[in-house]
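Sequence lines set the chain letters: A, B, ... in the order given, protein chains first and strands last, and positions in each chain run from 1. In this text, all values refer to a predicted model and were calculated from it rather than measured experimentally.
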Amino acid sequence: MIEHFNYSYAYYEYYYTNKYLGNGVSSQTLIRSFTMEQNPVVEVKNVHKSFKSVHAVKGVNLSILPGHFIALLGPNGAGKTTLVEMIEGIQKPDRGEILLLGKKWSGNEEEIHRNIGISLQETRFVDKLTVGETLKLFASFYRLNNSRVTEIIELIELEEKRKAYVQNLSGGQRQRLALGIALLNKPRILLLDEPTTGLDPNARREVWAILKKLKEESKTSMILTTHYMEEAEQLCDYIIIIDKGRIIREGTLDQLLNHEINHKTIEFTLETTTATAELFIPCNFEIKYDDLSGKGSAYINNMETELPELLSYFRKKDLTLKNLECRKNTLDDLFTSLTGRHLNE
Amino acid sequence: MNRFSQYQLFQLTLAYFKEIVREPGVLFWGIIFPILMSLGLGIAFTKKADTERNIAVVSVQDEGTAETNSGLSRALSRFGEKNISDEGDFAEYKISIPNEKLGNTIFLLQEMTWDEAMTGLKRGSVNLIITEQDHHILYHFDPANPDAQLSYLKLSYLFDKDTLPLSNTSEYIAPLEVQGTRYIDFLIPGLIAMGIMMSTMWGISYGIIEKRSKKLLRRMVATPMKKSNFLIGMITVRIGMNFIESVLLFLFAWWVFDIQIQGSIPAVIAIFIAGNVAFAGIAIFISSRTAKTEIGNGLINVVVFPMMLLSGIFFSYHNFPESVIPYIQKMPLTMVADGIRSIFIEGAGFAQVSVPLIVLTSIGVVFFTAGLKMFKWY
Ligand SMILES: Nc1ncnc2c1ncn2[C@@H]1O[C@H](COP(=O)(O)OP(=O)(O)O)[C@@H](O)[C@H]1O
Ligand SMILES: [Mg+2]
């Protein structure tokens, strides 16, 4: 309960200060938004889910306001799919409550289904139906006609593939089709589970472009799961990092990178081949070193004092540098600092 | 059902129809294969081909005396045509017993050692062994093998009476070639029943399990789609396809073998639909939970295989022990095959097939309901 309260507090604070007041929105819009935004479209309260031997989701709270894009960022096995499928009504939570548009799933399936659009982590559509036929079939579930199908085909840029069998689509085209199906009914809540996993960078950017356009043009709220930090950064206003079934950090990109991690990362490569990880233990700051590749990372808090200190340490130990660079922190750095692992592991 | 739901059902049916007719295997396994089977079996069992039997001749005495003196070698040279085999050591005789109405019987008698003859008997390449003892011909064969018995009867008749068997009885044999009594008349209803079972069981089970394993099922039910529409669409398409397959098979058999329906056509349609309902119900029950096609294959085989074996599709189940026949007759495939047969051949109508109609429909409804109760959409 307390957890939930804290979370909501952080979220609303972010919401009012950063997004509206900072952007010079007129007070009228602001008031209207205030009243409208009182009702989150998705609320997840202290939800738990276990499988035989795995406690996959351990007490997650979150709520999403209309028009917001939220990322669930976490490595494989973090519990993202389980959480999203509980929100989608596909799995039932062992404990806790989930409300969509203020309603519980049970008894409101029909209404909720009308208002959500989903793309599962892996769905393979019928191989021997064309893109157009597949969309038309799903459109019939929502009482939509062919003109909506055409609109969607334009949106997902599959005009040339309208008459192609699904089996002849590339991975990226299939994902765009799945996205198109999710968008058919102009959903108020869009739930996408790893929409770009396994795609090459170009195909990934095409999916992103569709979602960015959607964000500009509609009021849809979105929950997207991913283990690509770039995807969360590019598309979402609010990022929830989850690991081992728990939310470990959340906030805007800026909050997460500038307030959550107080270090900078310096990466270096050594010419000297005899160095070992133990060599760096006496340093005043954390250094990770891999003696196979000769690459290391130093996490320092104050560039002005600690960088010279690092360099003099190298000199003292007779280590020759091949390369050294200071780079911006990423969400992966944050994740690593919190868990000791990487997002893509 | 409102218009919107009808439109949904129409789209589901159409999509499933397209999905299966675009699968190249459908045309072959559903239509061409049964026709080829009826053609092959129909011709094989209708035409009176020559019957050829291999008989082993084992000389127990040493060769010199056997060749010249024995009754056996005299009989052989009297009725048989002698060929010296390539090896030159052993002689081969050919005895033909011609018969216009029953087809010719040809015996190939080969000299060989006892061991060779026994091996041949075990392998089934020889069905009778002839030896000679004290100037009498001895016949060795498996008494449980009716074919060997027949060979024995014909050969012993020939050797003992010194005349060709069956030559004077021929005029008393009146082969029945009336419609409805031929093997093909028995076979076609069986093939139609088997087609219904196979297509429905494989088509529906596989369609459901595959969609479940592709996670398409859960994607579809995460929309306002009505679940019943999904299943009804699938069953409708299957019944429609089965109808086309059965009609084509029937038309082919009518054209080539002059098969007729002697009883009521509406009754045939009713038993056809009841059979479809029964197997569709079983198929949905079988595929209600698993997401693995391998498990589905196993389950389908468990159901289909005993019926294929026992239900008298190719040969009458009346050869099975009396005690199991009542059980065989209660199997759905038997009910469909017997039902269609009785209408096709015996001229039955609704009254005669009312029990199978009710039982088959009930089987379908019970399994469908149970399957739906445990159905795993996610
Ligand atoms: N149906 C299931 N049965 C057993 N374990 C499961 C099942 N689904 C997920 N899990 C386990 O729950 C954990 C979370 O899985 P998942 O939600 O798929 O993670 P993610 O989507 O973040 O990769 C994993 O350890 C996974 O093995
Ligand atoms: Mg997942």
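Contact tally against chain B (heavy-atom pairs below 4.5 Å) for R114(A), E88(A), R143(A), Q91(A): the top residue is R143(A).
With a 4.5 angstrom heavy-atom cutoff, L184(A) does not touch chain B via any of its atoms. Using a 4.5 Å cut-off between heavy atoms, E85(A) contacts chain B through its side chain alone, with no backbone atom that close. Proximity to chain B involves both the backbone and the side chain of D127(A), based on heavy atoms less than 4.5 angstrom apart.
Scored by the salt bridge (Lys or Arg N to Asp or Glu O under 4.0 Å) test, K18(B) finds E133(A) as partners (sequence neighbours excluded).
Residues T220(A) and P187(A) come closest through the heavy atom pair OG1-O, 3.0 Å. For I153(A) against G132(A), the heavy-atom pair with the smallest separation is CD1-CA, 4.3 Å.
The aromatic ring centroids of Y206(B) and W202(B) lie 6.0 Å or more from each other.
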